[in-house]
Trainee: 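My questions all concern the structure below.
Chain letters run A, B, ... following the sequence lines, proteins first and then strands; every chain starts at 1.
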Amino acid sequence: MADKYPHHQIEPKWQQYWDENKTFRAVDFSEKPKYYILDMFPYPSGAGLHVGHPEGYTATDILARYMRMRGYNVLHPMGWDAFGLPAEQYAIETGVHPSKKTAENIATFKRQIKSLGFSYDWDREINTTDEKYYKWTQWIFLKLFEKGLAYEAEVPVNWCPALGTVLANEEVIDGKSERGGHPVVRKPMRQWMLKITAYADRLLEDLDEVEWPDSIKEMQRNWIGRSEGANVHFHIPAIDKSITVFTTRPDTLWGATYMVLAPEHPLVESLTTPEQKEAVRSYQNQAGLKSDLDRTDLAKEKTGVFTGNHAINPVNGGKIPIWISDYVLMSYGTGAIMAVPAHDERDYAFAKKFDLPILEVVSGGNISREAFTEIEDGVMVNSATPDGRFSINGLKPSQAIVKTIQWLENEGKGKGAVQYRLRDWLFSRQRYWGEPIPVLHTDDDGVIPLNDSDLPLTLPVLEKIKPTGTGESPLANAKEWVRVVDPESGKVYRRETNTMPQWAGSCWYYLRYLDPDNDKKGWSAEKEKYWMPVDLYVGGAEHAVLHLLYARFWHKVLYDLGYVSTKEPFQRLINQGIILGEDGDKMSKSRGNVINPDDVVREYGADTLRMYEMFMGPLERAKPWSTKGIEGIFRFVNRIWRYFVSEHGELQHLSDVMAPNEETLRQVHGTIKKVTEDLENKSFNTAISQLMILNNHFRTLDTVPRESFEIFTLLLSPFAPHLAEELWQLLGHDQTLAYEDWPKYDEVYLIENTIRLAVQVNGKLRDTFDISSEASKADILAKAKSLEKISRHIKGKAILKEIVVPKKLVNFVVK
RNA sequence: GCCGUGGUGGCGGAAUUGGUAGACGCGCUGGAUUUAGGAUCCAGUCUCCUCCGGAGGUGCAGGUUCGAUUCCUGUCCGCGGCACCA
């Protein structure tokens, strides 16, 4: 009995070989077609790699290796998204500087990733915390600033007193901080914002140009949330001002029986009547105390207060009461709505609660029971101007919308408008461990951007990183760094102490890989033209919206400025599903179901881990880990090894002279076909199962023709590269197989002389039989009828129909 | 609530221009080998029945069809995202 596959020797041996020979270096500019295949780079956490990381990395690695063998010039890089809160929190707790902790974490991640044998071009490794990298992150910020896309604003932010910092919405879960679970309150603060809303339409439209999963595109569309409608002006005689509302249903203007303002609306103060002042103020206070979440939580029951004042409905002169309620958000539209209770569910609920009139203007529903919101089924009624000169009665709502907008525009009472759910991007963080924002502030609140030549603006080394407690970044503690004196004028400036969010570095890293050592530019135009766009981008679905939207936004800005040549950065996208614990739950330390890839590599080797992660099921789906399952793959690897390699380390069961027989040729070429097609479709699990089938076939042969085994080795190599390289060397080759031609199949060998047909009677399977693939329809029917099991079922019955599906089945319909 | 996505043996999963449901792997059962265990190898393994033959079966209920995991209608459940967006 031969030994087990000695992965402890073989895997490090080939990893070293690939390193020393720079086997996977991507060459800029080549006659070969290019293929840029990218992984979402990891945040190197202190916990190290978990088995979820290698899932996507293995998929891209298999494809990268496959594409090299298909003759492509492949760019497949890896790097580190290394800024972020955890290292800063760690520094605050332990006093260890984030740069030190980050370097350690990166070293661990790199060792772990390298132990899996991925074919990255390590010469292009990047690190977002490297000043040579973030110099260019800052440079892009200056471009955004020059274009007027970066601005400062007082905005209410999620202030977490315990962390002494402001959190992004995505870092707040259930009103508590994601890290630590501390309470979070809203507090207005001066912040940097990026005007992503200026690109809303293009971010939406260009989704049509990329090959992404529909679900991700849909999520981005929903996030952008474009809706068409009209802004309509309502006059308020008491204060002689008008309030503009946004509505998607201008057709229902005649049914607007009241108006609602957000409690924070600036006109609330002036239009509230003295009698209502008290009630309004107390409602405003209540609403102000609630976080957004509380407001939506308590939304089941509508609340609100009458301001005492009225507005004039512009279409019919009707006097309608103005209320305030927190179901109207200041942050969307104009912070004011016209309420049409008959045709809007929220308005309906509010009107019922406060006994406000409900007026039907679209017939077809039953407004005594519920709001009728259909815009295709239904007919406009009660909708004409008092003088009768304009009417939409009798129209479908969808037509009435268009007509009403035209009329509003002609009358100067409103205008067609588009609203987005998307908000501008809150871009500053009150943190130390991030890219410094390269601007100076003057005494009089002026902002002066740094010159390109002043970049990078590096982080000062702080002896101790601690929150200022005021909400400012710990950088504010670096007094000498903050104070800048102009040597010529002697003027004193204050540096910006906010830093950029973690998203910043990941918004353009795919460009830095193209030209990682360039210190004159972020990347060269020629290299960008050669390599972009990213042909395939693989990562977790948790980045479906934010990272991908932010990166697309930056890319479009760079496109407008002429720095990149493609409208979209990522042509194709695949989201890998998460790997669950053996118990089917999400892996987490608290559940104790975490699998450490180091343990798996030690016990089974990298080839087994790689193949198991691919064999578990379709890449996109969530799948539970199974220790028994990985042993099955380990057996497969060992069966290959033991059958073909003797205990003396020499090949066996092979023949140089024997030609493959018909069956072996069919199996080998069928496998080439199946594996190739599966790789094109990213169906790694079925490709591996086909390799198993071929290996099972080999093991039924005493002697396997060498040429057949060589093909098997090449087909196996993207999946289990260490094992394949070793076999390739044993087969007598003195160079890596990484650039061997991918095997081609010949249809000739796939033709079967005899085929097995199924025979059904009334659609039920009754028997099967073998017949020449060339047999005529008549022969097939005759033979089928002659089968004992068939004649039994058709005897004495009338055959109504005889169906022959070529190469598949025969079906008799009898009665 | 809305949007997206999925539901197939004991388990992971395979098969959709509609054509033999359960490939491959795990687990399980039996056998070989072994002092024994492990490892390895061979065979079997959707369920049920009156078992050389039948019946049922892809979340559930219907429909279209000679034939449905695949198409259509309704419905239930899991997962992900959004959540008063006017």
Trainee: I want to verify a distance call: between B/rC26, B/rG12, B/rA55, whose nearest atom is closest to the A/M616 side chain?
Mentor: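 Of B/rC26, B/rG12, B/rA55, B/rG12 is nearest to the side chain of A/M616.
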Trainee: State whether the distance check finds a donor on one side and an acceptor on the other, under 3.5 Å, for side chain A/K302 versus base B/rC84.
Mentor: yes
Trainee: When the nearest nucleotide of RNA chain B is assigned to A/I803 and to A/T247 on a heavy-atom basis, which residue is associated with the more 5' position?
Mentor: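 Comparing both residues, the 5'-ward one is A/I803.
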Trainee: Verify the contact: side-chain N or O of A/R639 to OP1 or OP2 of B/rC41, cut-off strictly under 4.0 Å; return yes or no.
Mentor: yes
Trainee: By nearest atom, which of the nucleotides B/rC66, B/rU20, B/rG54 is closest to the A/K801 side chain?
Mentor: B/rC66
Trainee: The side chain of A/K808 lies closest to which of these nucleotides: B/rG19, B/rC3, B/rA86?
Mentor: B/rG19
Trainee: When you measure from the side-chain N and O atoms of A/K807 to the phosphate of B/rG19, is any distance below 4.0 Å, counting only OP1 and OP2?
Mentor: no
Trainee: Should A/R635 be listed as having a side-chain N or O under 4.0 Å from OP1 or OP2 of B/rG27?
Mentor: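 Result: yes.
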Trainee: Taking the six-membered ring of A/W212, is the NZ or CZ of A/R552 close enough (under 6.0 Å from the centre) and on axis enough (within 45°)?
Mentor: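 Ring-cation test returns yes.
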Trainee: Side chain of A/R699: nearest nucleotide among B/rA55, B/rU20, B/rC42?
Mentor: B/rC42
Trainee: Mark yes or no: A/K785 above the aromatic ring of A/F812, with NZ or CZ under 6.0 Å from the six-membered ring centre and no more than 45 degrees from the axis.
Mentor: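 Pair A/K785/A/F812 does not count as cation-pi.
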Trainee: Using ring-ring contact (aromatic ring centres under 6.0 Å, His included) as the criterion, list what pairs up with A/H653, not counting sequence neighbours.
Mentor: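 Result, ring-ring contact (aromatic ring centres under 6.0 Å, His included) vs A/H653: A/Y643.
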Trainee: Of all heavy-atom pairs between A/V538 and A/G56, which one has the smallest distance, and what is that distance?
Mentor: CG1-CA, 4.1 Å
Trainee: Are A/F354 and A/Y258 near enough that their ring centres are under 6.0 Å apart?
Mentor: no
Trainee: The side chain of A/R621 lies closest to which of these nucleotides: B/rG7, B/rC26, B/rG54?
Mentor: B/rG7
Trainee: Out of B/rA14, B/rG81, B/rC3, which nucleotide sits closest to the side chain of A/M219?
Mentor: B/rG81
Trainee: Which nucleotide, if any, forms a Watson-Crick or G-U wobble pair with B/rC52, using both distances under 3.5 Å?
Mentor: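 The answer is none; no pair meets the criterion.
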Trainee: So, OP1 or OP2 of B/rA55: does either fall under 4.0 Å of a side-chain N or O from A/R766?
Mentor: yes
Trainee: Sort me out a list of protein N/O and nucleotides 21-24 of chain B N/O pairs below 3.5 Å, or just none if empty.
Mentor:
none

Trainee: Only one of A/L329, A/D347, A/D344 forms a side chain to side chain contact (heavy atoms under 4.5 Å, CB included) with A/I337, so which one is it?
Mentor: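 Output: one option passes, namely A/D347.
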Trainee: Could you point out which residue of A/Y604, A/W625, A/F636 forms a ring-ring contact (aromatic ring centres under 6.0 Å, His included) with A/Y612?
Mentor: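 Among the candidates, only A/W625 passes.
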Trainee: Expressed as a whole number of Å, how far does the C1' atom of B/rG18 sit from that of B/rG63?
Mentor: 15 Å
Trainee: Base, sugar-phosphate alone, or nothing: which one does A/A622 contact when heavy atoms must sit under 4.0 Å apart?
Mentor: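 A/A622: backbone/sugar contact only, no base atoms under 4.0 Å.
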Trainee: Heavy atoms from C-beta onward define the side chain here; which of B/rC82, B/rA86, B/rA55 lies closest to that of A/Y332?
Mentor: B/rA86
